[in-house]
Amino acid sequence: MPLTQQDISREIAERSRAYTEAGQIQHHPARDYVPYRSSLLRHPKQPLVTVQDPEAVELSGPVFGRTDVTELDPDLTGQHPGEPLGERITVTGRVLDRDGRPVRGQLVEVWQANASGRYAHQRDRHPAPLDPNFTGIGRCLTDDEGGYRFTTIKPGAYPWRNHGNAWRPAHIHFSLFGNAFAQRLVTQMYFPGDPLFAYDPILQSVTDPAARNRLVAAYEHDLSVPEWSLGYRWDIVLDGPAATWIEEGH
Amino acid sequence: MLPTPSQTVGPFYGYALPFPQGGQIAPAGIALTGIAPAGPDARAITIHGHVHDGAGEPVPDALLEIWQPAPDGSRTGAPGSLRRDQTTGGYAGRDGVTFTGFGRVATDPDGSYAFQTLSPGGVPYLSVCVFARGLLHHLFTRIYLPLPGVDWESDPLLAGLDPDRRRTLIAEPVAERVYRFDVHLQGDKETVFLDFR
Ligand SMILES: [Fe+2]
């Protein structure tokens, strides 16, 4: 029998209950999260080996420069001759470390579906229209306050094949570099109030409700530009090893 | 502050994250001529292998990132190695002279990957971060290179691993300056994955 949303929702509820009972806060998703079926054969079963070495190369990280990122890259609506279809938005926020310090001059990359929920990717078979004026890729470097800003359109929800009638809530994929390779983060930003949140095993893989909320941007009216775009704010905090080690510049 | 949770890279990063010559960490110009900062042994090494899942099947949509010191041991990387297409503004590959220490390669449909680099200075390993659809949180590992004079017992990580587990982190020489390194996300040959504290 093909899996239904009911099956998946039951599994999500079971994992949520188990998390509450365990009473230990987990900020990240477990790598083996059964409701997300693709995780089954793609997570290690051995525990991670902890490295506590002040000389570890992972406490340093790559740097990116002005030819890696140009001033055109943060505007996803300006990469083609015409304007893309959809609701124009700006997404802005700060990238911080766990001590609240800004992460400066680091690469932020985003990618997303178009307003119809279709990726400009050959393997995306969702029969929704491609938009010749929208590719859905953006990059920028954080400024001195750790700030980033993208102009784009609000992506559409899209179906996938985890189970029958599976839909992803609208989201923007984010890739972030910290000052250390060990601070690397790839994640997804969601939009407030999306009715699909409860049904989505990828968002629900973050079993801690407060942590899940940190993946949802805030609509901020003051960021909206009259007659032009709606504004969202989303701050990002990079996890990683003790900041003092990174500070020492290893 | 509480961290932002990780989420999977998903299946459709392919048009966003990989860039032309992402696996060419060894600058083409320097690797051939041996000028600074490549040092005395400036010839490139090739590392290739496959990424497998717990059923032993190839993973066709994994993304590997590599970070390493320069041959002189410096860990500062270098900004701005990418060239831009004047017409489209898109990436047009590396400039061929800058050693950034950073590489990014996606696996092919058969789960294979390859990259070329210069031997890291000061340590016998390259740092690797693995992303894939199905992987809700990336995985760190290391590729150790069996270079002359390297003693595994003096490495803080390898010294603490039993021989079977240690083996999963050591690249196998398969030809002159060519090494093979497979990543097993799960199973009997599961790669050792790392957590940094
Ligand atoms: Fe997506």
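In this text, all values refer to a predicted model and were calculated from it rather than measured experimentally. In what follows, chains are A, B, ... by sequence order, proteins preceding strands, each numbered from 1.
- Within 6.0 Å of the CG atom in B:Asp162, the count of heavy atoms belonging to other residues, nucleotides or ligands exceeds 12.
- Ring-centre distance between A:Phe150 and A:Tyr232: not below the 6.0 Å cut-off.
- No part of A:Ala210 comes within reach of chain B, as not one of its non-hydrogen atoms sits under 4.5 angstrom from that chain.
- Taking the six-membered ring wherever Trp is involved, the centroid distance between the rings of A:Trp111 and A:Tyr119 does not fall below 6.0 Å.
- With a 4.5 Å cut-off on non-hydrogen atoms, A:Leu72 does not touch chain B at all.
- Heavy atoms of A:Phe64 lying under 4.5 Å from chain B belong to its backbone as well as its side chain.
- Side-chain polar atoms of A:Thr135 and A:His80 form a donor-acceptor pair below 3.5 angstrom.
- With a threshold of 4.5 angstrom between heavy atoms, A:Gln188 approaches chain B through its backbone and through its side chain.
- Tested against B:Tyr144 for a ring-ring contact (aromatic ring centres under 6.0 Å, His included), the candidates B:Trp152, B:Tyr179, B:Phe181 yield a single pass: B:Trp152.
- Of the atoms belonging to A:Trp160, not a single heavy atom falls under 4.5 Å from chain B.
- Taking the six-membered ring for Trp and the full ring otherwise, the centers of A:Tyr158 and A:His171 sit less than 6.0 Å from each other.
- Using a 4.5 Å cut-off between heavy atoms, A:Asp73 contacts chain B through its side chain alone, with no backbone atom that close.
- With a 4.5 angstrom heavy-atom cutoff, A:His173 touches chain B only via side-chain atoms.
- A donor-acceptor contact under 3.5 angstrom links the side chains of B:Gln24 and B:Gln116, judged on distance only.
- Using a 4.5 Å cut-off between heavy atoms, A:Arg139 contacts chain B through its side chain alone, with no backbone atom that close.
- When the candidates A:Tyr33, A:Trp234, A:Phe177 are compared by the number of heavy-atom contacts under 4.5 Å with chain B, A:Phe177 comes out ahead.
- Both the backbone and the side chain of A:Thr70 come within less than 4.5 Å of a heavy atom in chain B.
- Here A:Tyr148 and A:Phe174 bring their ring centres to under 6.0 angstrom of each other.
- Proximity to chain B (any heavy atom under 4.5 Å) is restricted, for A:Leu40, to the backbone atoms N, CA, C and O.
- The most heavy-atom pairs under 4.5 Å with chain A, out of B:Phe193, B:Phe102, B:Trp67, come from B:Trp67.
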